[in-house]
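Scroll down for the structure; my scribbles are underneath it.
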Amino acid sequence: MKLSDTLTGEKTEFIPQGDVVRIYVCGVTPYTDSHLGHAMSYIIFDVLRRYLEYRGYTVRHVQNFTDIDDRIIARANEQGIAPIALAERFIQRYVEDMAALGVHQPHVYPRATEEVPEMLTIITALIEKGFAYSTPGGDVYYRVRRLSRYGELSHRDVDDLLSGARVEPSTEKEDPLDFALWKAAKPGEPSWDSPWGPGRPGWHIECTAMSLKYLGDPIDIHGGGHDLIFPHHENEIAQSEAFTGRHPFVRYWLHNGWLQMGGEKMSKSLGNIVSIRDGVSRYGADGLRAFVLSSHYRNPLTYSETILEAASRGIERLAVAANASGPAEAAENVDASSFRARFLDAMDDDLNTPQAIAALHDLSREINRGQAEGRGIDESQRTLRELADVLGLRLPPPNATNGAIEAAPFIELLLHVRRELRTAKLFQQADHIRDKLAERGIAVEDTAEGSVWKRDRG
RNA sequence: GGCGACGUGGCCAAGUGGUAAGGCGGGGGUCUGCAAAACCCCUAUCAGCGGUUCGAUUCCGCUCGUCGCCUCCA
């Protein structure tokens with residue numbers, strides 16, 4: 001399969017170094033509920049992993065939690081609880097959100113606060129090698145200009161960075177571009193002992209420590225949102241390669257585009273967010289995944305209710321086909337092989353999920369058509385489900401959640417009455433029941449096998 | 001100011017040097033007591049201007065527009 005690499009800007013054949021594909025994905029800072037932007041990123045990397053596994057690779061997937069940082073501390077102080085406790089709470093909620101989305105758990109979920117000794121080892125070594133320095137105040141900074149390659153990932157020239165002029169000058173830094181490996185503790189903050197006094201790790205160092213510890217060097221794929229390219233991943237490369245003395249530290253850098261809200265990006269700092277919880281309850285996990293996968297992962301995506309609505313409606317077509325009942329035996333069967341081939345070709349091409357989904361839509365149409373013509377569809381339905389599963393789509397029967405509706409027994413009762421009315425050809429009354437249920441968001445469909453109902457969207 | 005991405009039908013979104021997947025929506029049918037679902041048919045010339053080419057939406061240049069990063073961020 002081909003993957004495009006942010007570092008080279010090229011799409012090349014992906015060949016893992018060994019039997020195990022080693023993937024590191026940057027995780028969240030748990031200080032609030034995760035939003036659809038996070039969902040987008042993790043759905044994408046989940047699909048990458050699922051596809052690699054589908055193709056027979058063994059994947060080792062590591063994703064961190066940044067459970068100590070300024071925002072966690074600030075939020076915890078507001079609420080009068082310990083930062084670790086706050087982080088723990090939102091880590092749990094994050095894990096629940098991912099489960100709701102059907103995102104496979106990483107094999108390792110390391111937390112920054114539990115990897116401090118490893119980070120100290122690396123920082124110490126970086127100082128010894130001359131790549132980092134400590135300050136009288138107890139901070140440790142990385143010397144950006146020591147590594148000539150700095151800027152290669154984000155395709156920037158070190159000197160251009162300065163012209164941005166938004167870099168906070170710090171009196172203790174040798175160079176404004178230098179970034180913190182270790183931050184001296186301020187009063188009231190959680191801190192760990194270090195050779196430079198009490199403090200806490202800088203943001204970037206945790207990913208270096210964790211990926212080296214849990215995956216080794218180099219790793220096959222490092223993923224994250226587009227925004228992380230600079231400075232986070234750039235800094236990660238600098239630290240990691242300065243520490244190991246080897247290049248490259250990552251063989252393929254994959255970055256997903258941003259989720260935007262109207263004109264702007266969805267972000268916690270702008271406050272224009274939709275939480276994953278809300279998204280799942282409104283559109284369902286399949287709807288959300290369909291939305292995310294409807295465009296190529298590298299491109300930005302815009303959130304709007306209309307678009308989400310369209311995506312979840314579209315995916316329902318697949319669910320209908322997957323759950324259709326075909327003849328017990330048939331002389332001829334629907335052949336799904338060409339659709340499978342198209343699906344695989346699309347996925348092989350840098351995870352072209354829009355085209356892969358298009359193949360599933362065409363397969364669904366073929367299944368529906370075959371059903372109408374009395375052809376066997378079991379085999380092709382299995383293929384549809386198998387491929388949909390690569391995208392993490394569950395394709396539940398339309399009425400799968402009916403049991404959770406409190407009024408279900410009463411609806412069943414009404415439909416029972418309605419059936420008798422229809423048998424008696426009292427269609428006006430029967431239609432009246434259907435109309436009234438529709439007004440209350442319950443859609444009734446009459447099929448050859450009887451009436452089925454489900455909660456209607458919107 | 002620097003770096004980068006993008007601009008395809010009413011909306012979302014793939015894609016290719018030889019006249020453009022799929023979904024949503026809309027229109028017309030088939031089926032159905034009716035409706036829904038499903039199926040069939042219809043619904044684009046790819047921001048603008050130049051250039052390269054036998055031929056460009058696809059390559060190059062410019063213009064316009066939108067967006068992102070350069071600061072915490074998936």
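Throughout, protein chains are lettered first and strands after them, A, B, ... in sequence-line order, and every chain is numbered starting at 1.
Comparing rA35(B) with rC42(B), their C1' atoms sit 23 Å apart, to the nearest whole Å. Using C1' as the reference atom, rC46(B) and rG9(B) are 9 Å apart when rounded to the nearest Å. The gap from the C1' atom of rC70(B) to that of rU43(B) amounts to 44 Å, rounded to the nearest Å. Taking atom P on both rC67(B) and rG61(B), the two are 24 Å apart, rounded to the nearest angstrom.
The side chain of Pro231(A) lies closest to rC72(B) when the candidates are rC3(B), rA74(B), rC72(B). When distances run from any side-chain atom of Gln260(A) to the nucleotides rG68(B), rC72(B), rA74(B), the shortest one goes to rG68(B). Which of rG2(B), rC72(B), rA37(B) sits closest to the side chain of Arg71(A) comes down to rC72(B).
OP1 or OP2 of rA38(B) sits under 4.0 Å from a side-chain N or O of Arg317(A). The phosphate of rG25(B) has OP1 or OP2 within less than 4.0 Å of a side-chain N or O from Arg313(A). Asn256(A) has no side-chain polar atom (N or O) that falls below the 4.0 Å cut-off from OP1 or OP2 of rA74(B). His38(A) has a side-chain polar atom (N or O) that falls below the 4.0 Å cut-off from OP1 or OP2 of rA74(B).
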Write down the protein N/O and nucleotide N/O pairs, taken from nucleotides 33-35 of chain B, whose separation is under 3.5 Å; answer none if there are no such pairs.
{"unit_1": "rG33(B)", "atom_1": "O6", "unit_2": "Arg422(A)", "atom_2": "NE", "d": "2.9"}
{"unit_1": "rG33(B)", "atom_1": "N1", "unit_2": "Asp431(A)", "atom_2": "OD1", "d": "3.0"}
{"unit_1": "rG33(B)", "atom_1": "N2", "unit_2": "Asp431(A)", "atom_2": "OD2", "d": "2.6"}
{"unit_1": "rC34(B)", "atom_1": "O2", "unit_2": "Arg434(A)", "atom_2": "NH2", "d": "2.4"}
{"unit_1": "rC34(B)", "atom_1": "N3", "unit_2": "Arg434(A)", "atom_2": "NH1", "d": "2.9"}
{"unit_1": "rC34(B)", "atom_1": "N3", "unit_2": "Arg434(A)", "atom_2": "NH2", "d": "3.3"}
{"unit_1": "rC34(B)", "atom_1": "N4", "unit_2": "Asp446(A)", "atom_2": "OD2", "d": "3.1"}
{"unit_1": "rA35(B)", "atom_1": "N6", "unit_2": "Asp446(A)", "atom_2": "O", "d": "3.0"}
{"unit_1": "rA35(B)", "atom_1": "N1", "unit_2": "Asp446(A)", "atom_2": "N", "d": "2.9"}
{"unit_1": "rA35(B)", "atom_1": "N3", "unit_2": "Arg434(A)", "atom_2": "NH1", "d": "3.0"}

Distances under 3.5 Å only, N/O to N/O: pair up the protein atoms with those of nucleotides 40-44 of chain B.
{"unit_1": "rC40(B)", "atom_1": "OP1", "unit_2": "Arg369(A)", "atom_2": "NE", "d": "3.1"}
{"unit_1": "rC40(B)", "atom_1": "OP1", "unit_2": "Arg369(A)", "atom_2": "NH2", "d": "2.1"}
{"unit_1": "rC40(B)", "atom_1": "OP2", "unit_2": "Arg365(A)", "atom_2": "NE", "d": "3.4"}

Grab the N/O contacts between the protein and nucleotides 11-15 of chain B below 3.5 Å, and write none if there aren't any.
{"unit_1": "rA13(B)", "atom_1": "O2'", "unit_2": "Ser294(A)", "atom_2": "O", "d": "3.3"}
{"unit_1": "rA14(B)", "atom_1": "OP1", "unit_2": "His296(A)", "atom_2": "N", "d": "2.6"}
{"unit_1": "rA14(B)", "atom_1": "OP1", "unit_2": "Asn299(A)", "atom_2": "ND2", "d": "3.0"}
{"unit_1": "rA14(B)", "atom_1": "O3'", "unit_2": "Asn352(A)", "atom_2": "ND2", "d": "3.1"}
{"unit_1": "rA14(B)", "atom_1": "O2'", "unit_2": "Gln355(A)", "atom_2": "NE2", "d": "3.1"}
{"unit_1": "rG15(B)", "atom_1": "OP1", "unit_2": "Asn352(A)", "atom_2": "ND2", "d": "3.1"}

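Taking the charged nitrogens against the carboxylate oxygens, Asp46(A) and Arg49(A) have no contact shorter than 4.0 Å, which rules out a salt bridge. Note on Arg111(A) versus Glu115(A): no salt bridge recorded, every NZ/NE/NH1/NH2 to OD/OE distance being 4.0 Å or above.
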N/O donor-acceptor pairs under 3.5 Å from side chains in residues 3-10 of chain A, not counting sequence neighbours:
{"unit_1": "Ser4(A)", "atom_1": "OG", "unit_2": "Arg298(A)", "atom_2": "NE", "d": "2.8"}
{"unit_1": "Ser4(A)", "atom_1": "OG", "unit_2": "Arg298(A)", "atom_2": "NH2", "d": "3.4"}
{"unit_1": "Ser4(A)", "atom_1": "OG", "unit_2": "Asp350(A)", "atom_2": "OD1", "d": "3.4"}
{"unit_1": "Ser4(A)", "atom_1": "OG", "unit_2": "Asp350(A)", "atom_2": "OD2", "d": "2.6"}
{"unit_1": "Asp5(A)", "atom_1": "OD1", "unit_2": "Leu7(A)", "atom_2": "N", "d": "3.1"}
{"unit_1": "Asp5(A)", "atom_1": "OD1", "unit_2": "Trp253(A)", "atom_2": "N", "d": "2.8"}
{"unit_1": "Thr6(A)", "atom_1": "OG1", "unit_2": "Trp253(A)", "atom_2": "O", "d": "3.1"}
{"unit_1": "Thr6(A)", "atom_1": "OG1", "unit_2": "His255(A)", "atom_2": "ND1", "d": "2.7"}
{"unit_1": "Thr8(A)", "atom_1": "OG1", "unit_2": "Glu10(A)", "atom_2": "N", "d": "3.2"}

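The list of salt bridge (Lys or Arg N to Asp or Glu O under 4.0 Å) pairs with a residue in residues 419-430 of chain A, not counting sequence neighbours, reads Arg422(A)-Asp446(A).
Remark: Arg75(A) engages no residue in a side chain to side chain donor-acceptor pair (under 3.5 Å) (not counting sequence neighbours). Residues that satisfy the salt bridge (Lys or Arg N to Asp or Glu O under 4.0 Å) test with Lys11(A), not counting sequence neighbours, are Asp349(A). Considering only residues two or more places apart in sequence or on other chains, Lys183(A) meets the side chain to side chain donor-acceptor pair (under 3.5 Å) condition with none of them. Residues satisfying the side chain to side chain donor-acceptor pair (under 3.5 Å) test with Glu189(A), not counting sequence neighbours, are Arg200(A). For the side chain to side chain contact (heavy atoms under 4.5 Å, CB included) test, residues two or more places apart in sequence or in another chain that qualify with Asn77(A) are Ile73(A). Taking Val21(A) as the reference, Phe14(A), Pro16(A), Ile23(A), Leu52(A), Tyr57(A), Val59(A), Asp220(A), Ile221(A) meet the side chain to side chain contact (heavy atoms under 4.5 Å, CB included) condition, with sequence neighbours excluded. Residues passing the side chain to side chain donor-acceptor pair (under 3.5 Å) test with Asn64(A) are Tyr24(A), Thr66(A), Glu206(A), sequence neighbours excluded.
In this structure, Phe45(A) reaches neither bases nor backbone, as no heavy-atom distance under 4.0 Å exists between it and the strands shown. At the heavy-atom level, Gly27(A) lies under 4.0 Å from the strands shown only through sugar-phosphate atoms.
Within the 4.5 Å cutoff, side-chain heavy atoms of Trp258(A) are placed close to those of Asp227(A).
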